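Owing to the predicted nature of the structure, the values given are computational and were not obtained by experimental measurement. Computation of the quantities below employed the complete heavy-atom set of this structure, encompassing side-chain atoms and omitting hydrogens, waters and symmetry-equivalent molecules. Chain A is the first sequence line, chain B the second, and so forth, proteins listed ahead of strands; every chain is numbered from 1.
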Amino acid sequence: DIQMTQSPSSLSASVGDTVTITCRASRSISSWLAWHQQKPGKAPKVLIYKASSLETGVPSRFSASGSGTEFTLTISSLQPEDSATYYCQYYNNYSPWTFGQGTTVEIK
Amino acid sequence: EVELLESGGDWRQPGGSLRLSCGTSGFTFDIYAMNWVRQAPGKGLEWVSGLIGSGRSTYYADSVKGRFTISRDNSKNSLFLEMNNLRADDSAIYYCVRGMDNSGSGSPVWGQGTTVTVSS
């Protein structure tokens, strides 16, 4: 199965900062990558799918890029409501899904 | 609007059984793959099982293989997870998650989750 390695495990940044989270796949997954945001006590929600497509309704300060084995999620102009845990995910209809370990974003 | 609503979560003793259900609306259910993902208290997300729109192909995590069975009823737009021989480490919130359609389009959509507790 494909393994997803996400870094960092946590970060602390100030309002207005730009932060980047990285996800690496153990082998090429083309663009079959999603990014999810989860706030405490809530279900995750998708931010990005197909590596770089912004889900409807998600603020444009969220962006993502990558293909193959290296992927990044960037949050520009960090807002207080962005405090959450972020997960990358390999997804495909014909094989097991895999999640990264998660990155907790704290607002200073 | 796409909606997924899980039910069936409960408390069971180790070795017990439980059946989770996920009712859906707002999309053409029978062309989408569906999955179960769980999250143990304070832990990350763990994929459990998935199946394609027709239900003919199913996939399981090694941790549940042989104990859990995923199925779907396309006439009722519903997904199920039959859980047998439950263990303490099966305790988690279980989420129903939509995958992609048959053509590879669509983004993941999450339900709100249902809680399973396994303890003596």
J.: Does the cation-pi check pass for B:Arg98 over B:Phe27, that is, NZ or CZ under 6.0 Å from the six-membered ring centre and within 45° of its axis?
T.: yes

J.: Can you say whether A:Ser95 sits under 4.5 Å from chain B via the side chain, the backbone, both, or neither, judging by heavy atoms?
T.: backbone

J.: I want to check a possible cation-pi pair here: A:Arg24 against A:Phe71, using under 6.0 Å from ring centre and within 45° of the ring axis as the test.
T.: no

J.: Would you mind telling me which of A:Glu55, A:Gln101, A:Lys45, A:His36 has the largest number of heavy-atom pairs within less than 4.5 Å of chain B?
T.: A:His36

J.: Taking every heavy-atom pair that is under 4.5 Å apart, which of B:Ala61, B:Gly104, B:Gly50 has the most such pairs with chain A?
T.: B:Gly104

J.: Pick whichever of B:Gln112, B:Gln39, B:Lys43 has the most heavy-atom pairs under 4.5 Å with chain A.
T.: B:Gln39

J.: Please state whether the side chain, the backbone, both or neither of B:Val37 comes within less than 4.5 Å of a heavy atom of chain A.
T.: side chain

J.: Between chain A and each of B:Pro108, B:Ala33, B:Gly44, count heavy-atom pairs under 4.5 Å; write down the option with the most.
T.: B:Pro108

J.: Would you tell me whether B:Thr69 and B:Glu82 have side-chain atoms, one donor and one acceptor, within less than 3.5 Å of each other?
T.: no

J.: Side chain, backbone, both or neither: which part of B:Asp62 has an atom under 4.5 Å from a heavy atom of chain A?
T.: neither

J.: Before accepting this row, confirm whether a basic side-chain N of the pair A:Glu81/A:Arg61 lies closer than 4.0 Å to the acidic partner's carboxylate O.
T.: yes

J.: Please identify, among A:Trp32, A:Phe99, A:Tyr91, A:Tyr49, the residue contributing the most non-hydrogen atom pairs under 4.5 Å to chain B.
T.: A:Phe99

J.: Does B:Asn77 offer a backbone N or O that forms a donor-acceptor pair with the side chain of B:Arg72 under 3.5 Å?
T.: no

J.: Between B:Tyr32, B:Tyr60, B:Tyr95, which has the largest tally of heavy atom pairs under 4.5 Å with chain A?
T.: B:Tyr95

J.: Less than 4.5 Å to any heavy atom of chain A: does that hold for the side chain of B:Ser107, its backbone, both, or neither?
T.: both

J.: With distance as the sole criterion, is a donor-acceptor pair present between the side chains of B:Trp47 and A:Thr98 under 3.5 Å?
T.: no

J.: Considering only heavy atoms and a distance below 4.5 Å, find which of B:Ile52, B:Leu51, B:Val48 pairs most often with chain A.
T.: B:Ile52

J.: NZ of A:Lys39: more than 12 outside heavy atoms within 6.0 angstrom?
T.: yes

J.: Examine whether an atom of A:Lys50 lies under 4.5 Å from a heavy atom of chain B, and if so say whether it belongs to the side chain, the backbone or both; otherwise answer neither.
T.: side chain

J.: Is it the case that A:Gln38 and A:Thr85 place a side-chain donor and acceptor less than 3.5 Å from each other?
T.: no

